[in-house]
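Written below as structure tokens is the structure these notes are about.
Chain naming here is simple, since letters A, B, ... match the order of the sequence lines and numbering starts at 1 in each. Given the structure is predicted, the values throughout are model-derived calculations rather than measurements.
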Protein chains: 2
Amino acid sequence: MTSRKVVSFENIKVACKNCSLATLCLPMGLTPDDVERLDCIIKRGRPYHRGDHLYRGGDKFHSLRVITSGSVKTYSPNEDGGEQVLGFHLPGELIGLDAIQDDCHTCSAIALETTAVCEIPFSQLESLSAIMPSLQHQMYRLLSREIGQDTEMLTLLGKKSAEERLATFLLSFSERFKQRGFSASDFFLSMSRHEIGNYLGLAVETVSRLFTRFQDENLLRVERKHVQLLDIPRLYDIVQGCDSAKSSQSRG
Amino acid sequence: MTSRKVVSFENIKVACKNCSLATLCLPMGLTPDDVERLDCIIKRGRPYHRGDHLYRGGDKFHSLRVITSGSVKTYSPNEDGGEQVLGFHLPGELIGLDAIQDDCHTCSAIALETTAVCEIPFSQLESLSAIMPSLQHQMYRLLSREIGQDTEMLTLLGKKSAEERLATFLLSFSERFKQRGFSASDFFLSMSRHEIGNYLGLAVETVSRLFTRFQDENLLRVERKHVQLLDIPRLYDIVQGCDSAKSSQSRG
DNA sequence: AAAACGACTTGATCAACATCAAGAATTTCT
DNA sequence: AGAAATTCTTGATGTTGATCAAGTCGTTTT
């Protein structure tokens, strides 16, 4: 039920140097020698199943984690039982960066499907980065990138309409799937409508209606989790917020 | 017109070891020796005036900056002329972390009043942190903290009502002023209503109305930029989102 | 001091999206 | 396979906060 497999689950013994995700991940920009040294501290456990927690808010922080297959939702459980979905993470993406601050996870991470991860013990990573300038640089870059992504999300939630939010969401997945060698226009979403709505600051019903409307406007075809983007350029127009997108469509 | 001064503008020659902000800033947790070494790479220029840019989106990235007095607004100028305010920064706070990613500022920073900063050339900081584990650790912590703050902001914009947003905003300033040795309940805001609204994802008019309403409910007194918080506990109740706050007030 | 400008406030109206409610389609459980 | 529980969709209604409009107050300019 995974959208598509990047690394099959049996590759538990895979090393960074053989990993197709290396260019997206921590080893990016490192020399083969350095990758080898980094590889030594990485732990690869058995996969998580749908609904398993990788960690929970409040847990002591030990390791950063890179998704190698499957997908993960991070969320912060807020006082009144509800939750705020913070992100959906695909293979090659690093999670747990927010926990460095005080050695404690501030949010929770849960597998949305069968999911494998690499665990990188942070204290060892820190030691290694102290003697490996390229790794230190890569860490600074990744942390900085995370900040940049969060601020983009702030603009999305602060200023964009429901329509713009969903289009941005879909194109984000499109781009990320493409980066990973999959179709940019035909993919499966592993999260529910409810989770999409929560992430985008919208009600489930609004998300559902928007999917229907986008389909009516021939922007995409959708059937449950399966999404086919039919007019990516017009989706980008919508993201821009200019309503030129509207004028160029002719309802069928 | 500054809210209050932390370090007078003349302290251009101040060193980290004498700086009252050291416990909030990069030197936090460093030994006096390490602080000394860090101090060597820091540049302290003449103050910026209201409206001066510290940097603009697109500028090449050279230095992180710590506010030492005054205040700064960061914002990302978006395509259609508008802007998204990303944050308001007080003395001791580090800005520019988002630019590490690709050596280029993604957002702009502008002084809201007369403002002094320490400049920390990043390449030198990076080199130093490679030979100073405690500094490296502090950098990781600060970057992680920034991520944590951004995700809090995501929850604010994704789930909270206008009332909750403004209460959170005010208490954030209250806490930060207190941390810096000033009154938690009596301060000046250096930004306009328009900027507050932009930051919180609200229209100016909504912000203005909320100030009026909070004042009517004896939560605070406000006159232009001058704010006096009269009932901080009830403001915290509002932040929580439980409407117990409403029931405990009796309109006069 | 008068005039012009910008920031803030207040009121009236409107629209986008949430909420409530019910039904259809899927998945899970037994 | 059949029942129960979810998830998703669709419609009707309601509310929050945006937008539009006008006026007040403060500040800067001349």
Sequence-distant partners of B:R224, side-chain contact (heavy atoms from CB on, under 4.5 Å), two or more places apart: none
Donor-acceptor pair between A:D98 and A:T106 side chains, under 3.5 angstrom: yes
Sorted by number, the residues of residues 166-174 of chain A with heavy-atom contact under 4.0 Å to DNA chain D: none
What about the rings of A:F187 and A:F182, do their centers lie closer together than 6.0 Å? no
What does A:G197 touch in the nucleic acid at a heavy-atom separation under 4.0 angstrom: a base, only the sugar-phosphate, or nothing? nothing
Nearest-angstrom distance from the residue atom CD of A:E223 to P of C:dA24: 18 Å
For B:D150, all residues meeting salt bridge (charged side-chain N to carboxylate O under 4.0 Å, His left out), sequence neighbours excluded: none
Overall bend - the helix from C:dA1-D:dT30 to C:dT30-D:dA1, comparing terminal axes fitted on five pairs, nearest 10 degrees: 50°
Residues in salt bridge (charged side-chain N to carboxylate O under 4.0 Å, His left out) with B:R209, at least two apart? none
Taking A:T168 for the side chain and A:E164 for the main chain, is one N or O donor matched with an acceptor at less than 3.5 Å? yes
Can you list the residues that meet the ring pair (Phe, Tyr, Trp, His ring centres under 6.0 Å) rule with A:H226, with sequence neighbours excluded? A:F188
With the sugar-phosphate defined as primed atoms, P, OP1 and OP2, and the base as all remaining atoms, what B/S/- string results for nucleotides 8-16 of chain D, 5' to 3', for protein heavy atoms under 4.0 Å? SBBBB----
Near DNA chain C, under 4.0 Å by heavy atom, which residues of residues 150-159 of chain B? none
Between C:dA16 atom P and A:L202 atom CG, what is the distance in whole Å? 14 Å
What residues, two or more places apart in sequence or in another chain, satisfy salt bridge (charged side-chain N to carboxylate O under 4.0 Å, His left out) together with B:R193? none
What is the distance, rounded to the nearest whole Å, between atom NZ of B:K160 and atom C1' of C:dA18? 17 Å
Which whole-number value in Å describes the distance from B:Q215 CD to C:dC8 P? 15 Å
Measure the distance from CG on A:L112 to P on D:dT7 and round it to the nearest whole Å. 13 Å
I need the CG-P distance between A:L210 and C:dC17, as an integer number of Å. 8 Å
Is B:E163 paired with B:R213 through a side-chain N to carboxylate O contact shorter than 4.0 Å? yes
Applying side-chain hydrogen bond (donor to acceptor under 3.5 Å, both in side chains), can you list everything that pairs with A:T74, at least two apart in sequence or on another chain? A:H89
Between B:R180 and B:E93 (salt bridge meaning N to carboxylate O under 4.0 Å), is one present in this structure? yes
Going by an N to O cut-off under 4.0 Å, is there a salt bridge joining A:E83 and A:K73? yes
Write down the distance between CZ (B:R213) and C1' (C:dT10), rounded to a whole number of angstrom. 15 Å
Just to verify, what does A:S63 make a side-chain hydrogen bond (donor to acceptor under 3.5 Å, both in side chains) with, not counting sequence neighbours? A:E119
Between CG of B:L189 and P of C:dA7 the distance, given in whole Å, is 16 Å
Set of residues satisfying ring pair (Phe, Tyr, Trp, His ring centres under 6.0 Å) with respect to A:F61, sequence neighbours excluded: A:H105, A:F122
